[in-house]
Amino acid sequence: MLQQTQVVTVIPFFQRFISRFPDITSLASAEEDEVLRLWEGLGYYRRARNLHSAAQQIVRNHNAQFPEDFSVARSLPGIGRYTAGAILSIACNHKLPILEANTVRVFSRLLAFRGVPSEKDGQQLLWSFAESVLPRKHVGDLNQALMELGSEICVPRVPNCATCPVHMLCAAHRQGAQALIPTKKQRPAIENVTEAAIVIQRGGRVLLRRHSDQERWAGLWDFPRFATSPGQTAVSHQELIDNALQLTGMKIEASQHLTTMQHSVTRFRITLQCHLARYVSGRKQGDHLCWRAPDELEQLPLNVTGRKIGRLLVNLNK
DNA sequence: CATGCGTGGAT
DNA sequence: TATCCAAGCAT
């Protein structure tokens, strides 16, 4: 959960998750939909599917015990060098380094490293440094302390060097270059896109579609949606009908505009136009489509806009 | 090796 | 409001 996600954000999700799945075995035997439902709102849903899959592998191949061997741990889905090092150093006191957002910043400043930390030279230097500072004992404590130093004191914009316990060892501090290090690499430009979602209604229920493994929000349910032609402000009935057929194999009658919402995801700013429609006939094969009454949507893992639309429908029925 | 993946907090 | 950023990983 903590991969690319701040601790304060994770805490309530972790508490709910660990209450429902207190051990590896309970997680392994859960339905994926329930795992994703508990992850809903946290983002990077591949993490949840990887964690679920890793739990199943651990039960099947490792007698339900998390593997203490670094290479074996790393071979689990979603466990990379950082996560394996963090788990094994903190939980088992193995002498393994970690490198993540906080310690990248701390180490880059200590060394006054002016390259790009994510590139090959930077990774080599920073991982080596992380390894070189490990103590003989309490490795996990040191790793956590370094992350804490980065998140509380050696912060991105204006680090609080006056309270830093190692400022006298810091080359960036000596050079007055804290604001320049680490160098940040340029982010991709935000792109505005327009999409449409279709609420297909049939006898008090609405149609949901599960995103495939190849799509964003893989595994989550959503109202059928599609990218509309760029620059277009309105969505034609014909476009709704054609895309509904494409996505669901269903013939529909487009009815009326429901609402328009904004949502940012990765490098896209999406304007999502939501439309109501009535089911007429037909349906694609497969388990990626389902009908639910609006008040039954609580059971399903939805993405943010899907959840907003779902709540809107419940309120309309009141 | 660059890119895609999500969302919400902080400034 | 806009931008940056976050206990990374897989492809």
Side-chain angles (χ1 to χ4, degrees), chain A residues 1-14 36 38-51 53-54 73-91 96-108 115-124 126-127 130 139-152 154-160 179 182-193 211-220 222 261-270 272 301-308:
Chain A
M1 284 184 173
L2 289 164
Q3 292 168 356
Q4 291 287 282
T5 308
Q6 295 184 335
V7 174
V8 289
T9 303
V10 162
I11 288 171
F13 288 88
F14 175 78
L36 284 171
L38 285 164
W39 207 276
E40 183 186 307
L42 199 51
Y44 285 149
Y45 300 100
R46 183 60 53 89
R47 296 179 297 179
R49 305 177 86 195
N50 282 338
L51 188 64
S53 173
R74 269 203 76 172
S75 72
L76 293 167
I79 309 277
R81 184 170 181 184
Y82 159 75
T83 305
I87 291 171
L88 295 180
S89 70
I90 294 169
L96 292 166
I98 58 160
L99 189 65
E100 44 70 70
N102 294 299
T103 55
V104 163
R105 195 166 51 247
V106 170
F107 297 157
S108 295
V116 180
S118 61
E119 291 179 356
K120 194 175 167 187
D121 291 352
Q123 288 288 298
Q124 165 87 44
L126 296 170
W127 275 108
V139 181
D141 288 346
L142 181 82
N143 282 337
Q144 292 190 76
L146 288 167
M147 291 190 279
E148 197 76 354
L149 179 63
S151 69
E152 300 299 313
C154 195
V155 295
R157 312 216 181 180
V158 186
N160 192 352
T183 59
K184 46 193 172 237
K185 69 173 177 187
Q186 178 162 332
R187 289 167 184 274
I190 301 299
E191 193 176 326
N192 291 310
V193 297
H211 288 274
S212 74
D213 285 355
Q214 283 65 246
E215 295 175 283
R216 178 178 297 142
W217 300 301
L220 294 199
D222 193 4
M261 52 183 75
Q262 298 280 338
H263 180 67
S264 289
V265 55
T266 63
R267 63 186 187 84
F268 299 99
R269 180 164 175 77
I270 303 171
L272 182 65
L302 303 180
N303 59 2
V304 168
T305 52
R307 184 61 66 199
K308 281 184 186 166

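Reminder, nothing fancy here: chain letters follow the sequence lines and each chain counts from 1.
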TODO: Give one of base, sugar-phosphate or nothing for A:H263, where a contact means two heavy atoms less than 4.0 Å apart.
DONE: sugar-phosphate

Task: By ring-ring contact (aromatic ring centres under 6.0 Å, His included) - contacts of A:Y82 (at least two apart) - done: none

Task: Interatomic distance at P, C:dA7 relative to B:dG4, whole Å - done: 23 Å

Open item on the list: Test of understanding: with side-chain hydrogen bond (donor to acceptor under 3.5 Å, both in side chains), list the residues that count as partners of A:N102, not counting sequence neighbours.
Closed with: A:E100, A:R105

TODO: Would you mind reading off the distance between A:L42 atom CG and B:dG6 atom P, rounded to a whole angstrom?
DONE: 11 Å

TODO: Give the rounded distance in Å between these two atoms: CZ of A:R307 and P of B:dG6.
DONE: 16 Å

Open item on the list: Tell me the interatomic distance from A:Q123, atom CD, to B:dA2, atom P, rounded to whole angstroms.
Closed with: 11 Å

Open item on the list: Rounded to whole Å, please give me the gap between CZ in A:F268 and C1' in B:dC5.
Closed with: 11 Å

- [ ] Using a 4.0 Å cut-off on protein heavy atoms (strictly under), produce a 5'-to-3' string for nucleotides 5-11 of chain C with B for base contact, S for backbone-only sugar-phosphate contact, and - for none.
- [x] BBBBSS-

- [ ] Identify, between A:T9 and A:G43, the residue whose nearest nucleotide on DNA chain B lies closer to the 5' end.
- [x] A:G43

- [ ] Could you pull out all residues at least two apart from A:K185 that satisfy side chain to side chain contact (heavy atoms under 4.5 Å, CB included)?
- [x] A:V116, A:S118

Open item on the list: Could you tell me how far B:dG8 sits from C:dC9 if I compare only their P atoms? Round to whole Å.
Closed with: 23 Å

- [ ] Report yes if a side-chain nitrogen or oxygen of A:W39 is closer than 4.0 Å to either non-bridging phosphate oxygen (OP1 or OP2) of B:dT7; otherwise report no.
- [x] no

- [ ] Would you mind classifying the nucleic acid contact of A:V10 as base, sugar-phosphate or nothing, using non-hydrogen atoms under 4.0 angstrom?
- [x] nothing

Task: salt bridge (Lys or Arg N to Asp or Glu O under 4.0 Å) involving A:E191 - partner list, sequence neighbours excluded - done: A:R267

Task: Interatomic distance where CD belongs to A:E119 and C1' belongs to B:dC1 [whole Å] - done: 9 Å

Open item on the list: Give me the distance, rounded to whole Å, that separates B:dC1 from C:dG8 when you measure between the C1' atoms they each carry.
Closed with: 16 Å

Task: Spatial distance of atom OG1 (A:T305) from atom CD1 (A:I270) [nearest 0.5 Å] - done: 7.0 Å

- [ ] Could you list the residues that satisfy side-chain hydrogen bond (donor to acceptor under 3.5 Å, both in side chains) with A:T5, not counting sequence neighbours?
- [x] A:R47

- [ ] Whole angstrom is fine here: how far is it from CG in A:L220 over to C1' in B:dT7?
- [x] 12 Å

TODO: Provide, to the nearest angstrom, the distance between the CD atom belonging to A:Q214 and the P atom belonging to B:dC5.
DONE: 12 Å

TODO: Would you mind reading off the distance between A:E215 atom CD and B:dG6 atom C1', rounded to a whole angstrom?
DONE: 15 Å

Open item on the list: Counting only heavy atoms not in A:D121 (residues, nucleotides, ligands), do more than 12 fall under 6.0 Å from its CG?
Closed with: no

